[in-house]
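All values below were derived from every heavy atom in this structure, side-chain atoms included, with hydrogens, water molecules and symmetry-related copies excluded. Protein chains get the first letters and strands the later ones, always in sequence-line order, with residue 1 at the start of each.
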Protein chains: 2
Amino acid sequence: MVKNTRKKQLHVSTLQDVARDAKVSTATVSRCLNSPNQVAEATRTRVMEAVSKLEYTPNFGAKAMAENRTFTIGAIIPTMENAVFARGLQAFQDTLHKRGYTLLVASSSYSSDLEQEQMRTLISRGVDGLLLIGHDRHASALQYLEKRNIPTLVTWAYEPAAALPSIGFDNYAAMQSLADRVFQLGHKNIGMISAQIKSNDRARARVLAVQDMMTNNGLDKAHLKLIETEYDIEKGAIAFETLIKNSDPPTMIFCGNDVLAVGAIRSAHKLGLNVPKDVSITGFDDIELAKIVIPELTTVHVPHQEMGNKAAVALVDMVENKSSPLLKPLEAIVKFRNSLAAV
Amino acid sequence: MVKNTRKKQLHVSTLQDVARDAKVSTATVSRCLNSPNQVAEATRTRVMEAVSKLEYTPNFGAKAMAENRTFTIGAIIPTMENAVFARGLQAFQDTLHKRGYTLLVASSSYSSDLEQEQMRTLISRGVDGLLLIGHDRHASALQYLEKRNIPTLVTWAYEPAAALPSIGFDNYAAMQSLADRVFQLGHKNIGMISAQIKSNDRARARVLAVQDMMTNNGLDKAHLKLIETEYDIEKGAIAFETLIKNSDPPTMIFCGNDVLAVGAIRSAHKLGLNVPKDVSITGFDDIELAKIVIPELTTVHVPHQEMGNKAAVALVDMVENKSSPLLKPLEAIVKFRNSLAAV
DNA sequence: GAATTAAATGTAAAAGCTTACATTTTGTTG
DNA sequence: CAACAAAATGTAAGCTTTTACATTTAATTC
């Protein structure tokens, strides 16, 4: 006979142990735990006593195998360095926890390749559902999700026509309403500091909204002075300096996010420029920084918390009911503060 | 014969399938995947072809059960709303990923009870190791960890005598060196805005350092004007206002973290007070805000990234080698900027 | 080329849970 | 109280891997 000699370091009690202690079968114990109303009161209390006496906790692997699910949800976000993602994730996790799910976190560093690798990792870790940011990814990634049949929800973007359902706001529309206002204020010479546009549909939509505003108002979008840079205050400052030292400096600079905008404002300060008198600056996200900086930043408020909560609800629903969520964009409203003024 | 009629929605291939396709036993396939050098070149390529042809991915639950481990690490942090935790967690996750582990995240909202519940959840999810913040928790929680034999590491604090090993900095010592400097600058009438002290050893250590500084310098620590409040800019502002409207307002206010400090500075601004001329303010953490606010904030720099990375390395080591990490505190250095001046 | 050793592969138990179906117990009704 | 239904419990298969040990195949030595 083949004998398995692997030694357990310490004994963790199993269903068997509980069953033996309570003098019932393992099936009854299992039922006590998973559908308690199917078992008689007296038996149930006896079993539950044994459970707590033996400090029984179901073995995760066994349960996962038997049920073919893990009550685990994966999320792949660009980075938690970005406060707005971190907070959205916090809300997502909170709601998940209320629904009895745990959160597996991975980060993509804004790279679709890394994202795809992380997708595989999380899926092989048995997640029941997956949360992704934005719609930008290889077709192969979508195919993979399709094949593995993993419920997947996109957030931080809203595009009803996309392959995956999304719970988020319309980056283009939000930036558009800000841009329209900027044009009304008379700005014609415009700069923009954006996050890297490659494999980042949110950043791209924001830039596009500005370009379209220009085109629609008879400006040549080729004249948009655009700089792409990394998510970092210092990088925003550097980009601002480059833009403003141009022979024909812009009177207004859109920033793709608040962190870049704050860098720009700080740089303006250092160069002795007054915001918004000498140059207007706007951001996107409405993180806490936006209200701290002087002047307070005109920016687009991203409903990260609402988004995180709703995403959790929707994704759990997809997992449990195999339903697709109803798609309705969240509102991302422009917060007009003091960093934007007429030209 | 009992027949299991549960229907699989879609067929995901198993070891069996691969074995059949490659005309070998399941054992050989398993070896190909887990210890490839034990199998002959020719067989291996044949098997690997079958693996990719069938898009085989090992079943997580089965693997977890057979190996009795999950390559998953759990982390329970107070909240990702706090940027400094989010960033530490990002670094932790990055390093974990490099080591082949995935991160399961839960949050405690600064409550030991919730933390304990989350501990149970994560452990029942089969984590191989656990990361916690700070040393403050019920003895029962420690017993539970002990009994389940889960390698656990504490971060964000450093206390070699504590029950659990920790990788972090000495909150008391860091605040002490700031406090000493404050005394040198002649401040005798001192206020402090702290995070809630209950079940938060970090906050407590920071307050204690200030109190001890007072005692050591002949001041009555009972005269420390202390307010506890929540982690929020606005709460910091309110606390500041309360302190400064005292009949005998402090000349200097310690804040337990940068967010509170920024609120205080903003409040000072609104009340027409000059920082640091009218009142000095200091923070703790050194988040980006600290350098943005005017005046720039004197604060303690917390090495969140280093801490996250080192914690990951140490915890993986604990899991894999059952070793206890060598304990050496990380440096948390005071950054003297412009919000602190002589009385 | 027989004997011996080493390498490659196969066999089947074991991990701990859920659940379909079978069996027993309890409760209800005429 | 027999007959039947409903409720409670039990039995054991099945989920997918890993791996100890057994067996077969290949390589080496004299």
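- Phosphate proximity of dT18(C) to S30(A): present, with a side-chain N or O under 4.0 Å from OP1 or OP2.
- Base contact: A27(A) has a heavy atom under 4.0 Å from a base atom.
- Each of T26(A) and R44(A) has a nearest nucleotide on DNA chain D; the 5'-most of these lies closest to R44(A).
- To the nearest angstrom, P of dC17(C) lies 11 Å from CD of E67(A).
- Across the protein-nucleic acid pair, Q16(B) atom CD and dT16(D) atom P stand 9 Å apart, rounded to whole Å.
- Between the CD atom of Q90(A) and the CD1 atom of I77(B) there is a distance of 6.5 Å, given to the nearest 0.5 Å.
- Contact annotation for Y56(B): backbone-only contact, meaning every heavy-atom pair under 4.0 Å involves sugar-phosphate atoms and none involves a base.
- Side-chain nitrogen and oxygen atoms of N34(A) include at least one within less than 4.0 Å of the OP1 or OP2 phosphate oxygen of dT18(C).
- Judged purely by atom type and a 3.5 angstrom limit, S111(B) uses its side chain to pair as donor or acceptor with the backbone of L114(B).
- A sub-4.0 Å separation between OP1 or OP2 of dG10(C) and a side-chain N or O of T28(B) is present.
- Between N68(B) atom CG and dT16(D) atom C1' there is a gap of 15 Å when expressed in whole angstrom units.
- Judged by distance alone, the side chain of T79(B) and the main-chain N or O of E81(B) form a donor-acceptor pair under 3.5 Å.
- Across the protein-nucleic acid pair, R31(A) atom CZ and dT9(D) atom P stand 8 Å apart, rounded to whole Å.
- Projected onto DNA chain C by closest heavy-atom contact, A62(B) and V24(B) fall at different nucleotides, the more 5' of which corresponds to V24(B).
- Considering only side-chain atoms of P58(A), the nucleotide from dC17(C), dT9(C), dT17(D) that sits closest is dC17(C).
- For the OP1/OP2 pair of dT18(C) and a distance below 4.0 Å, the side-chain nitrogens and oxygens of K63(A) include at least one atom meeting the criterion.
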### Task
Apply salt bridge (charged side-chain N to carboxylate O under 4.0 Å, His left out) to the pair E41(B) and R44(B), showing each step before the final yes or no.
CA-CA 5 Å; E41(B) 174 93 35; R44(B) 196 169 47 207; 3.5 Å; yes

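- Residue S25(A) places none of its side-chain N or O atoms closer than 4.0 Å to OP1 or OP2 of dT9(D).
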